[in-house]
Amino acid sequence: MLINSSSWKFLVLMVISVMILFLLFLLNLFWGSVSIDFSEVFSIIAGKSSAVSSAKVIIVEQVRYPQALTAAFSGAGLAIAGLLMQTLFRNPLADPSILGISSGASLGVALLLLSTGAVSGHAFSTLGWMSHIGIVLAAFTGSMTVLFFITLLSKRLNNMVTLLIAGIMIAYVAGALVGVIKYFSHKEDVHAFVIWGLGSFSNVSRSQVPYFVAYVSVGLIVSLVLMKPLNLLLLGEKYAQNLGLNVKMNQVVLLVVSGFLTAVITAFSGPIAFLGLAVPHLARNIFRSSDHKILIPASIVTGASLALFCNLIARLPGFDGNLPINSVTSLIGAPIVVWVILKRQHLYTGTS
Amino acid sequence: MKQPFIELRDIEIGYRGSGGLPKVLLPPISLQLNEGEFVAIVGPNGTGKSTLLRTMSALLLPVRGEILFMGKKLQNYSLHERALMLSIVLTDHPDDLFLKLEDVVATGRYPYLDFWARLTKNDTEIIEQSIQLCGIDHLKGRTLVSLSDGERQKVMIAKALAQDTPLIILDEPAAFLDYPSKIELMQLLHRLVNTRNKTVLFSSHDLDLVLRSADKMWMISHGKPLVEGVPEQLVLDGTLNEYLDKDDLHFDAALGQFKMTSVIGKLVHVEGHSLHAKWLKNALLRKGFQLSEEIRAEFIITFAEDVFTVEHNQSKLKYKSIETLLYDIQKIK
């Protein structure tokens, strides 16, 4: 951001990225098993829906629009959660799902399903709108617990690889516990849990979308405020402290923000792999920067775009209904991560 | 009475382990650091150089005692006040792939920036000046990971300069540098002391380098109390050799060089003070011979007309190269 030419480059790239984001958003409204004309979608968006058949209005307004919003905000939120954790741990492989944080969310949700089923004798899924608040809280508690353990471990272990292995082990333990809990749960709840675990951007209904968007926005807005501490933490804890940063406090804030984003998104859309890991790398490579003033907006836009793109793939014509979004993001995200790792070697030696 | 810039009062440095007693590395230290001084902490690895520097940078609390900055306890300054008082250069560098040189130097201005870290015109000027003073303008636009160790060290020093603090603390700044880069680095630090009135405190295990550059030395060794002094004074009163802590190495005050302690011990007398005589002495010392001023030595070597003549047991041998000479006299039992 020092030199004017780089600010210009950022602006141009940002405008292009936002345009791609809008294009993908519109495509998400057009594209699906029911074909709806461009003109029809535009008139629905413009509010002149009287000219279009009511079924199509319902599909766009009640199904595709909330789904596209959920995808965009999930992608943006996970990207930010991943970016914060990568800077916090100074580890390019840090990510909510790899460190077992989304597994923690799964465990929280599974525990909630079991305990309510066992205590009240009713399947949790019959509780209606209450169940969503419950799942959000359970996922949040679960992911924060894992996050807490990861933070404790990160203080003791300076070795990134060890911490990563610890995170993967935590994920296994959480997975095993989820298995035990499923065994004791109501059939309806197990089914609901399995569906939740496949991940989907269509879980959030039209009436819930505003809440989801609001929760994620809180996380995104807070992350914008963290640009200065994030840039300092990039230098390492000691340099950051010497430059006047309260390192401990900011680390906790970062963990809470990324944990909150992961928890909210995992609760609503299920565990979604690779977006949090791949998008920050994608943003760094596209914008060629490590400055969080650039990376935070860049990750938000790139994350939203990639999630919308994955959602399009999941709804490719020819498939009946939606593919599990978790599989699609893995299929697209994993090659990106491999590409980034291969590219790292060139960056260590070259200037560009 | 003038208040000292920095004062260490009976501080004991060390680490607090989990639960047990703190591990104290050195006897209590009491000394002062004045403005505009260029001080080197010298001592073998593992004696507590880094710990002392970290304690003085407020990254670590002293086990006992207190550090005063301009009469006020270091711990009583806020994080922000400390950021304006002292800057650090460490041995580990940021390793983010896309971190550019200018971005790193710009972080030196962060203590002065607003909430959104917006650089003012004044900030960009200071960053530019710092980059120029460290002689790294030609590297602008490069990422930190693509630079050499010496270049990276200069970037971190430019960051410290941009931070604009009266005190700069550097932990082993010369450790991974080749010899010309070490000298260049010392010249840069000297420039900061002389032209910018900075106080510079750095650690090094490279005594040779410190003797060539530092204005003052703080010497530590395993368990011995810290001694301070002008390098030349420490050489003259024998403190340097006392603290060297190595049996096979000593500082030869007359030659102004470090020498391996003689292992063969055979006496050699080299006549004259010509350039050839000087470098032959160097080779002989390296091979473990003892130089003698007396002409009754076991070997007497003279140099004339491009030929070395070795006198030994009434026999005279002539050599054109130092290599064959060394080879032969090592064989003589």
Side-chain angles (χ1 to χ4, degrees), chain A residues 1-7 86-87 90-92 155-156 158 160 224-250 280-281 283-295 340-341 343-352, chain B residues 18 54 57-60 78-119 123-124 127-128 131 139-147 156 159-160 162-163 165 169 171:
Chain A
M1 298 286 269
L2 256 185
I3 307 152
N4 276 329
S5 68
S6 73
S7 303
Q86 283 168 15
T87 301
R90 292 179 75 199
N91 184 339
K155 291 269 175 286
R156 291 188 136 241
N158 280 325
M160 296 181 193
L224 285 171
V225 169
L226 293 168
M227 293 187 300
K228 199 176 165 183
L230 281 167
N231 274 352
L232 286 175
L233 281 172
L234 216 50
L235 302 184
E237 290 180 22
K238 289 186 202 115
Y239 278 124
Q241 191 185 331
N242 175 251
L243 286 160
L245 186 75
N246 187 337
V247 173
K248 286 256 159 64
M249 191 196 79
N250 277 285
H281 289 297
R284 281 189 200 101
N285 274 286
I286 295 170
F287 288 81
R288 310 208 73 77
S289 176
S290 63
D291 188 345
H292 288 82
K293 280 187 225 170
I294 291 172
L295 281 185
V340 165
I341 289 168
K343 239 189 135 185
R344 283 177 81 85
Q345 289 166 348
H346 300 293
L347 282 164
Y348 268 115
T349 45
T351 45
S352 56
Chain B
S18 47
R54 258 177 233 165
S57 327
L59 294 174
L60 203 67
S78 72
L79 271 167
H80 181 251
E81 285 170 328
R82 268 183 246 157
L84 306 183
M85 237 159 38
L86 70 100
S87 49
I88 55 172
V89 175
L90 304 170
T91 42
D92 49 341
H93 300 298
D95 56 359
D96 189 279
L97 278 186
F98 293 96
L99 200 54
K100 282 187 213 69
L101 180 154
E102 300 94 310
D103 294 333
V104 176
V105 180
T107 58
R109 295 309 297 168
Y110 273 42
Y112 303 87
L113 302 184
D114 65 2
F115 188 76
W116 300 103
R118 275 176 304 197
L119 295 166
D123 294 314
T124 29
I127 291 164
E128 203 56 38
I131 288 174
L139 300 172
K140 275 197 286 190
R142 292 268 298 266
T143 57
L144 210 59
V145 286
S146 72
L147 301 179
M156 297 321 290
K159 179 227 63 136
Q163 204 175 334
T165 56
I169 292 178
D171 190 7

Atom of A:Arg288, atom of B:Lys100 and distance for their closest heavy-atom approach: O-NZ, 3.1 Å
Rounded to the nearest 0.5 Å, the OG1 atom of B:Thr107 sits from the CG atom of A:Leu235 at a distance of 4.5 Å
Expected output: side-chain B:Tyr110 to main-chain A:Ala240 donor-acceptor under 3.5 Å: no
Calculate, to the nearest 0.5 Å, the distance between atoms CD1 and CZ belonging to A:Ile294 and B:Phe98 respectively. 12.0 Å
Based on non-hydrogen pairs under 4.5 Å, which of B:Leu113, B:Val89, B:Leu79, B:Leu86 is most in contact with chain A? B:Leu79
Just so I understand: if I count every heavy-atom pair under 4.5 Å between each of A:Thr87, A:Leu224, A:Asn231 and chain B, which residue has the most? A:Asn231
Where A:Leu243 and B:Pro111 come nearest, the two heavy atoms and their spacing: O-CG, 3.6 Å
Measure the shortest side-chain to side-chain distance between A:Arg284 and B:Leu97 over non-hydrogen atoms and say whether it is less than 4.5 angstrom. no
Could you tell me whether the side chain of A:Lys238 and the main chain of B:Ile88 form a donor-acceptor pair under 3.5 Å? no
Using a cut-off of under 4.5 Å for heavy-atom pairs, which of B:Arg82, B:Lys159, B:Gln163 has the most such pairs with chain A? B:Gln163
Which atoms of B:Leu144 approach chain A - backbone, side chain, both or neither, heavy atom under 4.5 Å: neither
List the atom of A:Gly244, the atom of B:Ala83, and the distance in Å for their closest heavy-atom pair. N-CB, 3.7 Å
Please report the interatomic distance CG(A:Asn242) to CG(B:Leu90), rounded to the nearest 0.5 Å. 8.0 Å
Close side-chain approach of A:Met227 and B:Trp116, heavy atoms under 4.5 Å: yes
So for B:Leu84, is it side chain, backbone, both, or neither that comes closer than 4.5 Å to the heavy atoms of chain A? neither
Considering all heavy atoms of both residues, which atom of A:Gln241 and which atom of B:Ala58 are nearest to each other, and what is their separation? NE2-O, 3.5 Å
Checking heavy atoms, do the side chain of B:Met156, its backbone, both or neither come under 4.5 Å from chain A? side chain
Could you look at B:Asp171 and say if it's the side chain, the backbone, both or neither that has a heavy atom under 4.5 Å from chain A? neither
Shortest non-hydrogen contact from B:Pro94 toward A:Arg90: CA-NH2, 3.5 Å
